[in-house]
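Here the structure is laid out as structure tokens; the discussion comes afterwards.
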Amino acid sequence: SWFLFVSSRMAGLRMDFSMLLEPLAFVKVLEWILAIFALATCGGFQGETTLLVSCKGVVNKTVTAAFAYPFRLNTVEFSAPDPKGCAGTWTDAHLVGDFSSSAQFFVTLGVLVFLYCIAALVVYIGYNHVYQQNNKFPLTDLAISVLTALLWLVSTFVWAKALADIKMSTEANMIPEIEACKAPGTTCSFVSVTSMGILILSVVFGLLNAALWGGNVWLVYKDTNLHNQWNRISESP
């Protein structure tokens, strides 16, 4: 029975790659590409922040803390300069903040959009005749496009706020939060942090995705009976 079901569905398959030149499918390809860039620039980031520590028995030794997606900074620990050489004053030092929810929201949306674009392209290219004949498909596509545009906008602003906080938590502002740096005779100075230009780029891709999906709403809307009904109303005497 499963074989017959699959066979019946495949029987309606009519591959037409010329649809890729049509605005509806072409925009979907762009959305697919931008989704990849958005999730890759955010989810693929790896960096580290470095301090210069001077304490009793240890002079000018660098300590580093490596951080990456999903940016649970409160679990990231600095390498110890030499606890014994610091006369036991150095304790485990962590970065501050957990920004995983914002980062995962952004990346998860990118993954879901990536998968949806593939499914939509299969429909546009292989089952466009079904898509055009059954108005439920364009209406569903329209609802998903509106929701996705809003989600891209919200997730991008949430991620941009989290990124600003990540920068604050990995630069010189973090030193007052490290208890070991407050010990008598111990001084900590900021050295460097990995450039976050690629994360800023992920925010840009998020905004581009929101804009592209916003434009896609109009393209899908024109394929629904809502648009046709409005045209008939506007053209009536």
Is the closest side-chain heavy-atom distance between [X] and [Y] below 4.5 Å?
X	Y	result
F67	S169	no
F106	V158	no
T41	V204	no
V203	T156	yes
I175	C188	yes

Is [X] linked to [Y] within one hydrophobic cluster, defined over Ile, Leu, Val, Met, Phe, Trp and Tyr using a side-chain heavy-atom separation of less than 4.5 Å?
X	Y	answer
L208	F105	yes
V191	L95	no
Y124	V29	yes
I198	V193	yes
F78	M168	no

So which atom in [X] and which in [Y] form the shortest heavy-atom distance, rounded to 0.1 Å?
X	Y	value
F190	M174	CD1-CE, 4.0 Å
V58	P81	CG1-CB, 4.3 Å
V76	A65	CG1-CB, 3.7 Å
V217	L142	O-CD1, 3.5 Å
A93	I178	CB-CG2, 3.6 Å
D98	S100	OD1-OG, 2.8 Å

Quick one: pull up [atom1] in [X] and [atom2] in [Y] and give me the separation to the nearest 0.5 Å.
X	Y	atom1	atom2	answer
L24	L121	CG	CG	9.5 Å
K28	I118	NZ	CD1	12.5 Å
T108	L151	OG1	CG	11.5 Å
I144	L112	CD1	CG	11.0 Å
L147	W213	CG	CH2	9.5 Å
E31	W152	CD	CH2	10.0 Å

Please check: side-chain N/O of [X] versus main-chain N/O of [Y], any donor-acceptor pairing under 3.5 Å?
X	Y	result
T49	T170	yes
T186	C181	no
N209	L34	yes

Validation row, ring centre W32 to ring centre F37 under 6.0 Å: no

Do W159 and F71 have their ring centres less than 6.0 Å from each other?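 Under 6.0 Å, so yes.
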
Derivation and outcome, side chain to side chain contact (heavy atoms under 4.5 Å, CB included), residues V113 and T148: CA-CA 8 Å; V113 169; T148 304; 3.7 Å; yes

Tell me whether K182 at atom NZ has more than 12 heavy atoms from other residues, nucleotides or ligands lying less than 6.0 Å away. yes

For Y116, does the OH atom sit with more than 12 other heavy atoms under 6.0 Å from it, leaving out its own atoms?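 For Y116, atom OH is crowded (more than 12 foreign heavy atoms under 6.0 Å).
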
